[in-house]
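Structure, as structure tokens:
In the text below, chain A, chain B and the rest are named by the order of the sequence lines, each starting its count at 1.
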Amino acid sequence: METPLTANIKPGRRPPDIKAYRKAGGYRALREAVLKMRPEEVTQTVKDANLKGRGGAGFDAGLKWSFVPMGEEASGPKYVAINADEMEPGTFKDRLLMEGDPHQLIEGAALAAYAIQADVAYIFLRREYHLSARLLRRAIAEAYDSGCLGQGILGSEYSLDMHLHISAGRYMSGEETGMLNAIEGRRANPRAKPPYPQVSGLWGNPTVVNNVETVCNLPHIVNNGADWFRNLSLTAEGGTKIYGASGRVRRPGTWELPMGTPLRELVEEHAGGMQQGYRLRGIIPGGASTEFLTPAHLDVKMDFVSVEAAGSRLGTGTIIVLDDHSCPVGMTLNLEQFFLRESCGWCTPCWGGLQYAVELLTGIEAGAGRMEDLDTLDSLAAMLAPGHTFCALAPGAAEPLGSALRYFREDFERHIRQQRCPWSS
Amino acid sequence: MLSKEEMQEIEVEASRYETRQAAAIDAMRIVQDRRGWVSDEAVLDLAGFLDMSPAELDSVASFYNQIFRRRVGRHVIQVCDSVSCWLMGYEPLRDLLIRMLGAGMGETTADGRFTLLPVVCLGACDRAPVMLIDEDLHTNIDQGQLETILDKYK
Ligand SMILES: Cc1cc2nc3c(=O)[nH]c(=O)nc-3n(C[C@H](O)[C@H](O)[C@H](O)COP(=O)(O)O)c2cc1C
Ligand code: SF4
Ligand code: FES
């Protein structure tokens, strides 16, 4: 089984410096692209590879780039912003890629930039990732020193500047348009779409936002071709995926596996099953803003289309495992408290709805709930769902709430009947 | 007053963007890295330096949780309170920390040694429970280790 994304990543060892990275074939794809490929060819190859964005929404990467004005139509600078904000609770995959192989990210970002003919690329890194910051800073400097960034990259006519931007917190900073505001030195409130960032992003100029894992795939696609990439996967969506598991499993961690690996294989094989004495109750497949799945869903293939068909979303692909010693109401409350704290307060349904939901969940968990509260929570989940708010934070909050009410109804009702949390001692 | 070094560092950041304002967040980080926090006086100085109004800069500062607009202790402890750490028992750990330090969430110890803050998922959920002290990530924390961990931060 091929694992291109983690080939250079050795646990407990320092990541390759530019010499080691180049020795392992690094920056060959960038050289090939800037010297021998037209930007449109890079985009077409990535389209053919069927690379879905790994930031959570699964938007086709090549298609996103194709909305950027090219050639004569393009006036003024263009930008790439790499989303390294990784704040979705339960997600820990971009950290692995940045700490394990920073040059792979830089080469990938440079390839995305070349495809849209960007002048500047920013890596938007969350403040708490101090080790990633140190490693990326050094790697960017090495890349400049050896001509992989800057004026006339690798002897070509293409020039690119790359900067590391250290964020100052808040989940909204990872939302595509919130991030644009954050880079411009404003509050990370979302912007109205359209216009889409690909046409009018940073300072009104065309900008592509891509996730870390998305662009880390690019050197391998350029080196080995679209067919090779599609064949890495078990399903129609190309490539491998960095999956992960947290919670009471025997071996929590991250694994690079073929896209479409069944959920059961993740839980039972790679994560080693549940810890002694714990039973599986539920799974959040891809970060806090994806719907719960249950043990009945273990055969779902973990790609964007299949998880959606099962009623949830692949999201970031790092699963959170709920065990039978943990209270589903308490877990839902923890998730909704997160969304409430991070809501920017712009839309009433989001902020007001979340505040009310947290209040009701707190009451139920504390033993003061009433059966009507469950209907109210159902309608709050419907109100937070897509279509009522300015950005995707509220719909994200609706996913665990609505699905918890559906799959763990009996547990909610037991709290209310017994006027206490059955899990509290 | 901004120091010469601070101004130089901010200028480097400002050169990376199309506008001076874009360096606002970097500028506050640069000041915070040196002084621990961003005082009212620092906001005034930075606003002038970046051609922004102080109110505008302050509204940016107050949006972001990693910009400290109040004085913090010599060391900042950020305890992850998100879902995987919740599943792995961060709550008893947090309660023990509060008892050991005699300071609650959002507070600073009387001797000014530690400030205790909650933080969103630190992206190390497979090693929960997790906390960040200054720039060091502590993972798989066992209650029995807390004292040894804290001892390293004087
Ligand atoms: C509230 C919110 C937070 C988000 N945070 C992140 C994040 O931390 N990292 C990320 O890559 N995408 C995040 N996204 C998704 C981005 O908006 C965007 O879709 C993504 O970065 C695009 O990259 P991709 O097409 O390569 O997946 C977030 C979305 C929302 C609504
Ligand atoms: S949905 Fe929530 S986070 Fe998004 S803009 Fe509205 S209030 Fe802000
Ligand atoms: S939930 Fe604590 S590190 Fe992710």
Side-chain angles (χ1 to χ4, degrees), chain A residues 77 86-95 120 122 126-131 134 161 163 165-173 182-189 202-203 205 244-248 251-254 284 287-288 318 320-323 326 330-331 334-335 337-338 341-342 344 400, chain B residues 12-30 32-33 38 50 52 56-57 59-68 78 80-91 117-128 130-132 134-137 139-140:
Chain A
E86 192 152 81
M87 284 181 90
E88 173 86 359
T91 302
F92 47 97
K93 62 181 186 71
D94 297 338
R95 176 197 281 280
V120 181
Y122 297 105
R126 73 176 288 190
R127 163 107 199 194
E128 295 88 339
Y129 278 19
H130 297 286
L131 178 57
R134 284 194 288 273
D161 278 315
H163 306 299
H165 175 100
I166 309 286
S167 175
R170 290 303 289 274
Y171 180 51
M172 278 304 299
S173 303
I183 294 175
E184 292 183 11
R186 307 170 197 278
R187 294 172 151 240
N189 294 322
L202 285 170
W203 302 286
N205 300 306
S246 65
R248 298 268 173 204
R251 287 191 302 273
T254 44
I284 291 192
T318 43
I320 311 166
V321 175
L322 168 65
D323 61 84
S326 300
M331 180 166 171
N334 176 279
L335 291 164
Q337 279 169 329
F338 157 76
R341 187 169 73 194
E342 298 301 327
C344 78
Chain B
V12 170
E13 292 295 343
S15 72
R16 298 176 165 169
Y17 306 103
E18 235 168 77
T19 64
R20 255 182 113 66
Q21 155 159 16
I25 291 164
D26 303 281
M28 290 189 281
R29 170 178 48 80
I30 287 163
Q32 183 166 303
D33 280 349
V38 182
L50 295 169
M52 291 171 74
E56 212 179 342
L57 184 62
S59 109
V60 174
S62 62
F63 183 87
Y64 295 99
N65 63 301
Q66 295 291 337
I67 295 173
F68 303 147
Q78 304 194 62
C80 172
D81 65 1
S82 288
V83 61
S84 307
C85 287
W86 180 85
L87 284 163
M88 299 306 283
Y90 96 90
E91 282 170 322
L117 295 171
V119 72
V120 171
C121 176
L122 285 168
C125 325
D126 53 340
R127 294 172 281 165
V130 178
M131 66 186 185
L132 192 66
D134 301 335
E135 299 198 354
D136 310 327
L137 188 69
T139 58
N140 290 315

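Looking at B/Y64, its side chain never comes within 3.5 Å of a backbone N or O of A/S167 through a donor-acceptor pair. Between the side chain of B/R29 and the backbone N or O of A/A168 there is no donor-acceptor pair closer than 3.5 Å. Side-chain N or O atoms of B/R16 include none that pairs as donor or acceptor with a backbone N or O of A/Y122 at under 3.5 Å.
Contact of B/N65 with chain A is made through backbone and side chain together, with heavy-atom distances under 4.5 Å. Looking at B/L132, only its side chain comes within 4.5 Å of chain A, counting heavy atoms on both sides. In this structure, the portion of A/R95 lying under 4.5 Å from any heavy atom of chain B is its side chain and not its backbone. Contacts of B/D136 with chain A are absent, with no heavy-atom separation under 4.5 Å from either backbone or side chain. Neither the backbone nor the side chain of A/A288 comes within contact range of chain B, judged by heavy atoms closer than 4.5 Å. Only the side chain of A/N205 comes within contact range of chain B, with at least one heavy atom under 4.5 Å from a heavy atom of that chain. Interface residue A/R127: only side-chain heavy atoms are found under 4.5 Å from chain B. Only the side chain of B/L137 comes within contact range of chain A, with heavy atoms under 4.5 Å apart. If you measure heavy-atom distances from B/N140 to chain A, you find no contacts under 4.5 Å at all. Using a 4.5 Å cut-off between heavy atoms, A/Q337 does not touch chain B at all. For B/R20, no part lies under 4.5 angstrom from a heavy atom of chain A.
The minimum heavy-atom distance between A/T254 and B/D126, with the atom names listed, is N-OD2, 4.4 Å. Of all heavy-atom pairs between B/S62 and A/R187, the closest is OG-NH2, 3.3 Å. Scanning all heavy atoms of the two residues, the minimum distance from A/A188 to B/F63 falls at N-CE2, 3.4 Å. Nearest heavy atom pair, residue A/I320 against residue B/V83, reads CD1-CG1, 3.6 Å.
Between chain B and the options A/A182, A/S173, A/C344, heavy-atom pairs under 4.5 Å are most frequent for A/A182. With chain A as the partner, the residue from B/Q21, B/Q32, B/E18 showing the most heavy-atom pairs under 4.5 Å is B/E18. Note on B/A27, B/S82, B/C80: by heavy-atom pairs under 4.5 Å with chain A, the leading option is B/S82. Between chain A and the options B/G123, B/A124, B/P118, the largest number of non-hydrogen pairs under 4.5 Å is found for B/G123. In terms of non-hydrogen atom pairs under 4.5 Å with chain B, the most contact-rich of A/S326, A/P77, A/G244, A/G90 is A/G90.
Judged as a side-chain hydrogen bond (donor to acceptor under 3.5 Å, both in side chains), and not counting sequence neighbours, A/R251 has no contacts. When the side-chain contact (heavy atoms from CB on, under 4.5 Å) test is applied to B/E135, the partners found at least two apart in sequence or on another chain are A/H130, A/R134.
Between B/T19 and A/W203 the shortest side-chain heavy-atom distance falls below 4.5 Å. Under the 4.5 Å side-chain criterion, counting only non-hydrogen atoms from C-beta, A/Y171 is not in contact with B/V120. Within the 4.5 Å cutoff, no side-chain heavy atoms of A/E86 are placed close to those of B/C121. No side-chain heavy atom of A/R126 sits less than 4.5 Å from a side-chain heavy atom of B/Q66.
Relative ring orientation between A/H165 and B/Y17 is described as perpendicular, the plane-to-plane angle rising above 60° on a 0-90° scale split at 30° and 60°.
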Step by step, work out the side-chain contact (heavy atoms from CB on, under 4.5 Å) result for A/L335 and B/W86. CA-CA 10 Å; A/L335 291 164; B/W86 180 85; over 6 Å; no

Checking B/D81 against A/R341 for the salt bridge (Lys or Arg N to Asp or Glu O under 4.0 Å) test, could you report, in this order, the C-alpha distance in whole Å, the side-chain angles of both residues, the deciding distance, and whether it holds? CA-CA 12 Å; B/D81 65 1; A/R341 187 169 73 194; 2.8 Å; yes

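Distance check, rounded to the nearest 0.5 Å: CE of A/M331 to OG of B/S84 gives 7.5 Å.
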